Amino acid sequence: DQQVKQNSPSLSVQEGRISILNCDYTNSMFDYFLWYKKYPAEGPTFLISISSIKDKNEDGRFTVFLNKSAKHLSLHIVPSQPGDSAVYFCAASDAGNQFYFGTGTSLTVIP
Amino acid sequence: KAGVTQTPRYLIKTRGQQVTLSCSPISGHRSVSWYQQTPGQGLQFLFEYFSETQRNKGNFPGRFSGRQFSNSRSEMNVSTLELGDSALYLCASSWDYSNEQFFGPGTRLTVL
C-alpha cells in the first residue's frame, strides 16, 4: 500500500511562473519529509527537507510547505526555470526507520 | 569527493538467472540503502545496511538479498529472476539512515 502519494504524474509550467508539486501521505507517524529531483540516467538528488515541527522551509527558489492535519506537503518553485525540468519525488520517514517514496511527478518548464 | 558509484550500469539477464549488483558509498558513509524503481511505482525500499548489519528491510521476497562489507561497500543479489524484476536499482548512502541520502546513478536491469 502506497503510504506516500503523488497524484499528478506530470506538470507543465511556463518559465518564470510558479511550479507547485503536491504530495499526500497516510502515516501520521512520519516526522521527516524530503524532496528529491531526478534527471534521466542519473540517481535522485536531494533538494529540500522539512521536519514535522515546522510548516515551512525555504531554500532559494524552493519552498516546502507541510500541512500535518491534512497530511499534505507541497513544493513550490519560484520562478521556474527550464533546468528545473525533471522528475520530483517526495519521501517521508518515521524516526529514521525507513523512507517511503512517492511515484514521482514529471515537471516540464516551457521556455 | 567521489559520489556513490554503482556497477554495472546496465544488465540484461534471462528468467531464472541470478544477478549481483554492487554499490560503493561515499567515503565515510556507513549506511547503504537499496531501492527498486519501476514506472508507476516510484522508489520501493528494499533494505538498508549499517556497519555490515541489515537494519531495515522492505516488503520484497526472499529472492532479494544483500550484504555489506567492512569498507561499507554493498552488494545486492536477486536469485531466480522474473520478468517483473526488470527495473532501475538505486543505491543510496548516508552518514546515518535518518540523514539525507546520496543516490548513485542506478543499475538498469532488464530480464528477458
Side-chain angles (χ1 to χ4, degrees), chain A residues 1-10 21-27 29-53 57 59 62 64 73 75 86-107, chain B residues 2-10 21-26 29-50 54-60 66 74 76 87-109:
Chain A
D1 185 34
Q2 199 76 21
Q3 297 195 45
V4 177
K5 297 178 183 177
Q6 294 177 258
N7 293 317
S8 298
S10 62
L21 295 94
N22 294 304
C23 181
D24 297 296
Y25 60 96
T26 58
N27 189 341
M29 298 302 292
F30 287 150
D31 62 356
Y32 192 64
F33 305 87
L34 309 91
W35 284 93
Y36 282 85
K37 180 165 82 170
K38 185 180 186 301
Y39 293 116
E42 295 182 13
T45 54
F46 171 77
L47 197 55
I48 192 169
S49 65
I50 188 168
S51 82
S52 59
I53 61 172
N57 188 27
D59 184 4
F62 302 90
V64 56
L73 67 155
L75 174 68
V87 177
Y88 290 78
F89 291 96
C90 66
S93 80
D94 52 353
N97 184 38
Q98 178 177 325
F99 282 103
Y100 298 83
F101 281 78
T103 51
T105 296
S106 178
L107 173 66
Chain B
V4 178
T5 58
Q6 291 187 247
T7 56
R9 292 293 310 277
Y10 301 92
L21 312 181
S22 180
C23 172
S24 292
I26 290 172
H29 286 188
R30 294 163 66 190
S31 171
V32 174
S33 298
W34 288 89
Y35 295 87
Q36 180 195 66
Q37 185 189 359
T38 55
Q41 291 293 316
L43 276 70
Q44 302 287 317
F45 174 75
L46 281 152
F47 28 67
E48 184 244 353
Y49 286 87
F50 184 84
Q54 187 180 88
R55 193 161 63 169
N56 290 298
K57 188 177 190 304
N59 190 25
F60 276 80
S74 177
M76 189 192 93
L88 179 68
Y89 290 88
L90 291 159
C91 161
S93 75
S94 65
W95 290 104
D96 190 284
Y97 188 62
S98 61
N99 294 338
E100 173 194 340
Q101 295 184 312
F102 294 82
F103 282 84
T107 294
R108 172 73 62 186
L109 172 65

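Everything quoted here is computed from the prediction, not taken from an experiment.
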(message) Could you check whether any side-chain heavy atom of A/Thr45 comes within less than 4.5 Å of a side-chain heavy atom of B/Gln101, counting everything from C-beta outward?
(response) no
(message) With a 4.5 angstrom heavy-atom cut-off, is it the side chain or the backbone of B/Leu43 that approaches chain A, or both, or neither?
(response) both
(message) Could you check whether any side-chain N or O of B/Arg9 sits under 3.5 Å from a backbone N or O of A/Ala41, counting only pairs where one atom can act as donor and the other as acceptor?
(response) yes
(message) Heavy-atom cut-off 4.5 Å, strictly under: side chain, backbone, both or neither for B/Gln6 against chain A?
(response) neither
(message) Please confirm whether the ring centroid of A/Tyr100 lies under 6.0 Å from the ring centroid of B/Phe45.
(response) no
(request) Please tell me if the side chains of B/Tyr35 and A/Phe99 come closer than 4.5 Å, counting only heavy atoms from C-beta onward. (result) yes
(message) With rounding to the nearest 0.5 angstrom, report the CZ to CD distance, B/Phe103 to A/Glu42.
(response) 13.5 Å
(request) Starting at CD of B/Gln37, measure out to OG1 of A/Thr103 and round the result to the nearest 0.5 Å. (result) 10.0 Å
(message) Testing the basics here: between B/Glu100 and A/Tyr36, what is the closest heavy-atom pair and its distance to 0.1 Å?
(response) C-OH, 4.3 Å
